[in-house]
Chemist: 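Below are the structure tokens for one structure; questions will follow.
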Amino acid sequence: MTIRIAMWSGPRNISTAMMRSWENRADCEVVDEPFYAFYLSQTQSPHPLFDEVIASQSKEYDEVSKQLSEGHCTAEIQYQKHMTHHMLDGIDLAWTKDIRHCFLIRDPREVVNSYTNSRGVCTAKDIGIIRQAELYDEISQISGQTIPVVDSSRVLGSPATLIPKICEALNVPYSMNMLKWPEGPRESDGIWAKHWYHSVEKSTGFAFPKPTNFELTSEQNLVVEEVMPHYRKMQKMAL
């Protein structure tokens with residue numbers, strides 16, 4: 001039986017690098033942001049490549065969730081990369097019960113800066129940090145799991161230490177193949193890769209964190225202040 005792993009993250013949070021890490025295992029296939037079209041169809045949020053994303057995958061929530069929880073998979077492990085802001089309020093999360101979960105967090109100041117640089121605007125809802133804390137509570141209750149939380153800065157600072165810890169917390173064997181991967185795009189990447197994945201396509205591993213020497217605008221700082229308590233709550237649980 002396939003082990004299904006859901007990694008819950010906001011955008012601009014090494015989530016694609018983490019997906020590369022898992023895909024480089026011989027026993028794993030990955031799923032890239034399966035609820036993106038659902039999210040766009042429901043919110044009509046003017047994201048880059050809006051029409052192409054909608055056309056590239058199912059926008060039916062029940063269909064996608066059933067595929068993720070029950071669909072056929074030939075690999076021993078299926079790694080699902082999820083964006084927390086795609087999971088709209090009021091959706092049925094029962095499908096998450098028997099999936100193994102992990103939550104990936106990042107300092108909101110860095111998220112806001114990176115997201116604004118990529119899209120030009122950034123709101124608290126865009127980066128999904130408040131929703132991430134809500135989902136952690138909801139999925140923990142549904143699944144009965146003690147769900148691991150991973151701070152991206154710790155992964156970047158010491159991937160050889162943190163990646164094995166993640167595997168241990170998820171009760172899967174560690175593979176050294178998770179530390180390095182070939183550069184370039186993947187067939188498994190979503191259609192949105194051509195807008196968002198430029199850096200990761202050039203990568204061959206987890207890059208050591210760079211010094212933070214940017215300044216945020218007053219509007220960006222308001223977003224950071226709004227989401228920071230939710231990040232701090234998650235950070236206290238990080239591996």
Side-chain angles (χ1 to χ4, degrees), residues 6-24 29-61 63-64 67-68 79-88 103-132 135 152-153 155-156 181-207 209-210 212 214-217 219-220 223-224 227:
M7 180 67 81
W8 299 95
S9 168
R12 318 312 293 168
N13 189 11
I14 75 164
S15 57
T16 310
M18 190 68 76
M19 183 174 69
R20 289 283 190 272
S21 172
W22 282 86
E23 189 171 22
N24 208 46
E29 70 171 33
V30 301
V31 181
D32 191 11
E33 300 185 31
F35 290 107
Y36 200 172
F38 160 74
Y39 165 76
L40 292 183
S41 69
Q42 294 294 309
T43 64
Q44 295 297 300
S45 182
H47 276 222
L49 305 172
F50 180 97
D51 291 333
E52 291 176 76
V53 175
I54 292 284
S56 71
Q57 58 182 196
S58 173
K59 60 181 184 292
E60 302 300 324
Y61 180 83
E63 179 182 331
V64 176
Q67 179 64 30
L68 293 172
Y79 179 88
Q80 303 170 6
K81 171 194 169 193
H82 292 291
M83 293 287 105
T84 54
H85 61 290
H86 292 172
M87 312 306 288
L88 303 179
F103 279 67
L104 181 65
I105 63 174
R106 186 186 184 191
D107 186 320
R109 289 164 294 204
E110 297 178 3
V111 175
V112 168
N113 178 65
S114 178
Y115 191 92
T116 307
N117 288 341
S118 291
R119 197 178 164 215
V121 295
C122 180
T123 69
K125 282 195 171 183
D126 288 330
I127 54 177
I129 293 175
I130 296 174
R131 187 63 177 135
Q132 185 174 46
L135 288 170
S152 62
S153 65
V155 175
L156 296 178
W181 52 82
E183 67 176 291
R186 303 285 185 276
E187 290 185 7
S188 54
D189 290 346
I191 193 69
W192 49 89
K194 55 190 174 183
H195 179 85
W196 297 101
Y197 291 1
H198 300 304
S199 294
V200 80
E201 286 179 359
K202 298 174 184 177
S203 72
T204 58
F206 293 101
K210 299 177 182 178
T212 54
F214 56 83
E215 291 187 9
L216 300 179
T217 67
E219 290 83 2
Q220 289 173 317
V223 174
V224 171
V227 305

Chemist: Would you say that Arg131 contacts Leu135 through its side chain, given a criterion of any heavy-atom pair below 4.5 Å between the two side chains?
Modeler: yes
Chemist: How long is the span from the OG atom in Ser45 to the NZ atom in Lys125, to the nearest 0.5 Å?
Modeler: 10.5 Å
Chemist: With heavy-atom distances below 4.5 Å as the criterion, would you say the side chains of Leu68 and His82 are in contact?
Modeler: yes
Chemist: Which heavy-atom pair separates Ile127 from Pro11 by the least distance, and what is that distance?
Modeler: O-CD, 3.5 Å
Chemist: Judged by atom type as modelled, is there a donor-acceptor pair below 3.5 Å linking the side chain of Ser152 to the main-chain atoms of Ile105?
Modeler: yes
Chemist: How close do Pro182 and Asn24 get, heavy atom to heavy atom, and via which atoms?
Modeler: CD-OD1, 3.6 Å
Chemist: Evaluate whether atom CD of Glu215 has more than 12 neighbouring non-hydrogen atoms of other residues, nucleotides or ligands under 6.0 angstrom away.
Modeler: no
Chemist: Any side-chain donor-acceptor pair under 3.5 Å between Ser114 and Asn117?
Modeler: no
Chemist: Please say which of Lys81, Glu33, Glu201 ends up in a side-chain hydrogen bond (donor to acceptor under 3.5 Å, both in side chains) with Thr16.
Modeler: Lys81
Chemist: With no hydrogens and no angle check, do the side chains of Tyr197 and Asp32 hold a donor and an acceptor under 3.5 Å apart?
Modeler: yes
Chemist: If we only count heavy atoms from C-beta on, is the Met18 to Tyr79 side-chain gap below 4.5 Å?
Modeler: yes
Chemist: Please give me the minimum heavy-atom distance between Met19 and Val31, naming the atom from each residue.
Modeler: SD-O, 4.4 Å
Chemist: Please report the closest heavy-atom contact between Ser15 and Ser9, naming both atoms and the distance.
Modeler: CB-OG, 3.7 Å
Chemist: Between Glu23 and Ser188, does any side-chain donor sit less than 3.5 Å from a side-chain acceptor?
Modeler: yes
Chemist: Checking side-chain hydrogen bond (donor to acceptor under 3.5 Å, both in side chains) against His47, which of Trp192, Trp196, Tyr36 comes through?
Modeler: Tyr36
Chemist: Between Val223 and Thr123, what is the shortest heavy-atom contact and its length?
Modeler: CG1-C, 4.0 Å
Chemist: Would you mind reporting whether His85 and Asp126 have side-chain heavy atoms less than 4.5 Å apart?
Modeler: no
Chemist: Looking only at the aromatic ring of each residue, does the gap between the centers of Phe206 and Trp181 stay below 6.0 angstrom?
Modeler: yes
Chemist: May I ask you to test the Leu104-Ile14 pair for a side-chain heavy-atom distance under 4.5 Å?
Modeler: yes
Chemist: Under 3.5 Å, is there a donor-acceptor pair between the side chain of Asp189 and the main chain of Arg186?
Modeler: yes
Chemist: Given the rule in the side-chain hydrogen bond (donor to acceptor under 3.5 Å, both in side chains) test, do Arg12 and Ser118 qualify, once you have shown the distances and angles that lead to the verdict?
Modeler: CA-CA 9 Å; Arg12 318 312 293 168; Ser118 291; 3.2 Å; yes
Chemist: Can any side-chain N or O of Thr116 pair as donor or acceptor with the backbone N or O of Val112 at less than 3.5 Å?
Modeler: yes
Chemist: Do you know which two heavy atoms are closest between Pro48 and His195, and how far apart they sit?
Modeler: CG-NE2, 3.5 Å
Chemist: Could you check whether any side-chain heavy atom of Phe35 comes within less than 4.5 Å of a side-chain heavy atom of Met87, counting everything from C-beta outward?
Modeler: yes
Chemist: Atom CD1 of Ile54 and atom CG of Leu49: how far apart are they, to the nearest 0.5 Å?
Modeler: 11.5 Å
Chemist: Report yes if the side chains of Lys194 and Pro185 come closer than 4.5 Å at any heavy-atom pair, otherwise no.
Modeler: no
Chemist: Show, in sequence, the C-alpha distance, side-chain angles and deciding distance for Phe38 and Gln57, and conclude whether the side chain to side chain contact (heavy atoms under 4.5 Å, CB included) test is met.
Modeler: CA-CA 9 Å; Phe38 160 74; Gln57 58 182 196; over 6 Å; no
Chemist: When the aromatic ring centroids of His86 and Tyr39 are compared, is their separation below 6.0 Å?
Modeler: yes
Chemist: Side chains of Arg106 and Ser153 only: does a donor on one sit below 3.5 Å from an acceptor on the other?
Modeler: no
Chemist: Got a second to check how far Gln42's CD is from Tyr61's OH, nearest 0.5 Å?
Modeler: 11.0 Å
Chemist: Does any non-hydrogen side-chain atom of Asn113 lie less than 4.5 Å from one of Cys122?
Modeler: no
